[in-house]
Amino acid sequence: MMMHGKLNMIHGTLPTEIGNLKRLTYLNLGLNELVGPIPSEIGHLEQLTILELSSNQFSGPIPSEIGHLQQLKSLYLVDNKLSGPIPSEIGHLQQLEGLGLGYNKFLGPIPSEIGHLQQLESLGLGYNKFLGPIPSEIGHLQQLEDLVLSRNIGLTGTLPMEVGQLKSIREAKFSDTSLTGGLDDLAFCKNRHDHDFQLIADCGGLNPKITCECCTSCCRTGENGRTWCHYV
């Protein structure tokens with residue numbers, strides 16, 4: 001069973017009765033005007049493989065019951081007003097290939113349980129309020145091609161060596177963070193000459209926070225908070 005309500009200007013909240021659709025495999029309600037929390041009853045949809053709720057106005061945390069959706073291959077909650085930490089139960093979604101949580105208000109550490117998502121190819125966490133170091137467990141994601149962490153000024157420390165050893169990365173964005181150190185000798189730098197390769201970090205300006213031998217763009221943030229990037 002599929003439910004496709006994308007770009008239908010649907011208003012209001014997502015009803016708890018959505019949890020009664022036990023045979024639902026595909027739920028796309030992106031690009032609407034839905035508000036309020038994502039109901040915990042979403043966790044009853046255990047046959048769901050695609051959940052797309054991007055570009056609404058959902059608020060509050062991701063319910064921990066999301067961890068019940070163990071058939072899920074695609075989870076996109078981009079461009080909402082979601083907040084709080086990512087629940088550790090996200091690590092139960094071991095069939096997941098795409099996870100997009102960017103452009104929200106998530107905070108706290110990036111959970112190490114993301115390292116359990118061995119099938120993940122795309123991880124988008126940019127434009128949030130994540131804090132602390134990048135977990136080394138992301139280095140377990142050997143299928144990962146896209147890693148976006150930009151605009152999380154609370155991310156600190158250096159890029160874990162384990163993440164630097166990921167060989168399949170085609171796009172990595174680390175700009176507008178508080179990461180420091182070097183992005184040198186990265187395994188995925190071998191992809192530098194592929195036409196679609198992107199590696200973006202805060203390696204611009206006179207005193208860059210990052211040194212980077214294979215970046216395609218270097219960024220710096222001015223005193224007014226604006227960011228400039230240039231190709232290298």
Side-chain angles (χ1 to χ4, degrees), residues 2-22 24-46 48-93 96-114 117 120 122-132 134-135 146-155 173 176-178 225 227:
M2 303 172 67
M3 179 180 289
H4 197 308
K6 184 177 181 180
L7 198 56
N8 279 330
M9 303 299 288
I10 301 171
H11 298 259
T13 59
L14 189 60
T16 59
E17 289 81 3
I18 195 80
N20 295 334
L21 305 178
K22 301 291 182 64
L24 202 63
T25 61
Y26 178 98
L27 177 58
N28 186 345
L29 295 174
L31 291 166
N32 282 292
E33 296 183 10
L34 292 164
V35 300
I38 297 173
S40 61
E41 287 80 3
I42 204 94
H44 297 166
L45 308 180
E46 295 184 4
L48 206 62
T49 60
I50 294 176
L51 178 57
E52 166 61 271
L53 300 177
S54 296
S55 298
N56 281 283
Q57 298 184 52
F58 287 112
S59 58
I62 298 176
S64 61
E65 290 81 0
I66 202 85
H68 297 162
L69 306 182
Q70 296 185 23
Q71 302 303 313
L72 209 59
K73 292 182 178 295
S74 179
L75 174 59
Y76 284 90
L77 307 177
V78 179
D79 188 22
N80 279 286
K81 297 179 180 179
L82 296 167
S83 59
I86 299 178
S88 61
E89 288 81 1
I90 204 86
H92 297 165
L93 308 181
L96 208 60
E97 297 173 0
L99 176 60
L101 303 179
Y103 293 88
N104 279 288
K105 299 178 181 180
F106 292 117
L107 49 77
I110 298 172
S112 60
E113 288 82 2
I114 282 180
L117 308 180
L120 204 63
S122 178
L123 176 59
L125 302 178
Y127 291 77
N128 280 291
K129 298 180 180 180
F130 290 114
L131 304 171
I134 298 172
D146 302 316
L147 174 59
V148 179
L149 300 177
S150 298
R151 289 289 180 98
N152 284 290
I153 198 64
L155 287 180
K173 296 181 178 179
D176 278 332
T177 66
S178 296
T227 299

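Because only heavy atoms are used, hydrogens play no part in the values below, and waters and symmetry mates are left out as well, while side chains stay in. Owing to the predicted nature of the structure, the values given are computational and were not obtained by experimental measurement.
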For this session: Check the pair Leu82 / Phe106 against side chain to side chain contact (heavy atoms under 4.5 Å, CB included), numbers first and verdict last.
Result: CA-CA 6 Å; Leu82 296 167; Phe106 292 117; 3.5 Å; yes

For this session: Walk me through it: do Ser122 and Tyr76 pass the test side chain to side chain contact (heavy atoms under 4.5 Å, CB included)?
Result: CA-CA 11 Å; Ser122 178; Tyr76 284 90; 4.1 Å; yes

Exercise. Would Leu93 and Leu117 count as a side chain to side chain contact (heavy atoms under 4.5 Å, CB included) if you check the C-alpha gap in whole Å, the side-chain angles of each, and the deciding distance to 0.1 Å?
Worked result: CA-CA 7 Å; Leu93 308 181; Leu117 308 180; 4.3 Å; yes

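Leu155 CG to Ser178 OG: the interatomic distance, rounded to the nearest 0.5 Å, is 8.0 Å.
Counting only distance, with no hydrogens or angles, the side chain of Asn32 and the backbone of Asn56 share no donor-acceptor pair below 3.5 Å. Within the 3.5 Å criterion, the main-chain N or O of Asn152 finds no donor-acceptor partner in the side chain of Asn128. Under the 3.5 Å distance criterion, the side-chain polar atoms of Asn80 are matched with a main-chain donor or acceptor of Leu53. Side chain of Asn28 to main chain of Gly30: a donor-acceptor pair is present (N/O by atom type, distance under 3.5 Å, no hydrogens or angles). A distance-only check finds a donor-acceptor pair linking the side chain of Glu52 to the backbone of Ser54 [under 3.5 Å].
Across all non-hydrogen atoms, the minimal contact from Ser64 to Glu89 is O-CB, 3.4 Å. For the residue pair Ser150 and Thr177, the shortest heavy atom distance occurs at CA-CG2, 4.5 Å. Closest non-hydrogen pair, Pro135 versus Pro111, comes out as CG-O, 4.2 Å. Of all heavy-atom pairs spanning His68 and Gly43, the tightest one is CB-O, 3.3 Å.
Looking at Ile90 and Leu75, their side chains come closer than 4.5 Å, going by heavy atoms from C-beta outward. Counting heavy atoms from C-beta on, the side chains of Ile50 and Leu72 never come closer than 4.5 Å. Within the 4.5 Å cutoff, the side chain of Asp146 has no heavy atoms near those of the Leu123 side chain. Proximity of Lys22 to His44: side-chain heavy atoms (C-beta onward) are separated by under 4.5 Å at one or more points. Contact of the Leu51 side chain with the Leu45 side chain is not registered, since no non-hydrogen atoms from C-beta on lie closer than 4.5 Å. The shortest side-chain heavy-atom distance between Leu34 and Leu29 falls under the 4.5 Å cut-off. By the 4.5 Å heavy-atom criterion applied to side chains, Leu77 and Ile38 are counted as neighbours. Here the side chains of Leu131 and Ile110 are not in contact, with every heavy-atom distance at 4.5 Å or above.
Ser59 and Gln57 share no donor-acceptor pair across their side chains, judged by distance under 3.5 Å alone. For Asp176 and Thr227, the side-chain atoms include at least one donor-acceptor pair closer than 3.5 Å.
Open room surrounds OH on Tyr103; 12 or fewer heavy atoms of other groups in view lie less than 6.0 Å from it.
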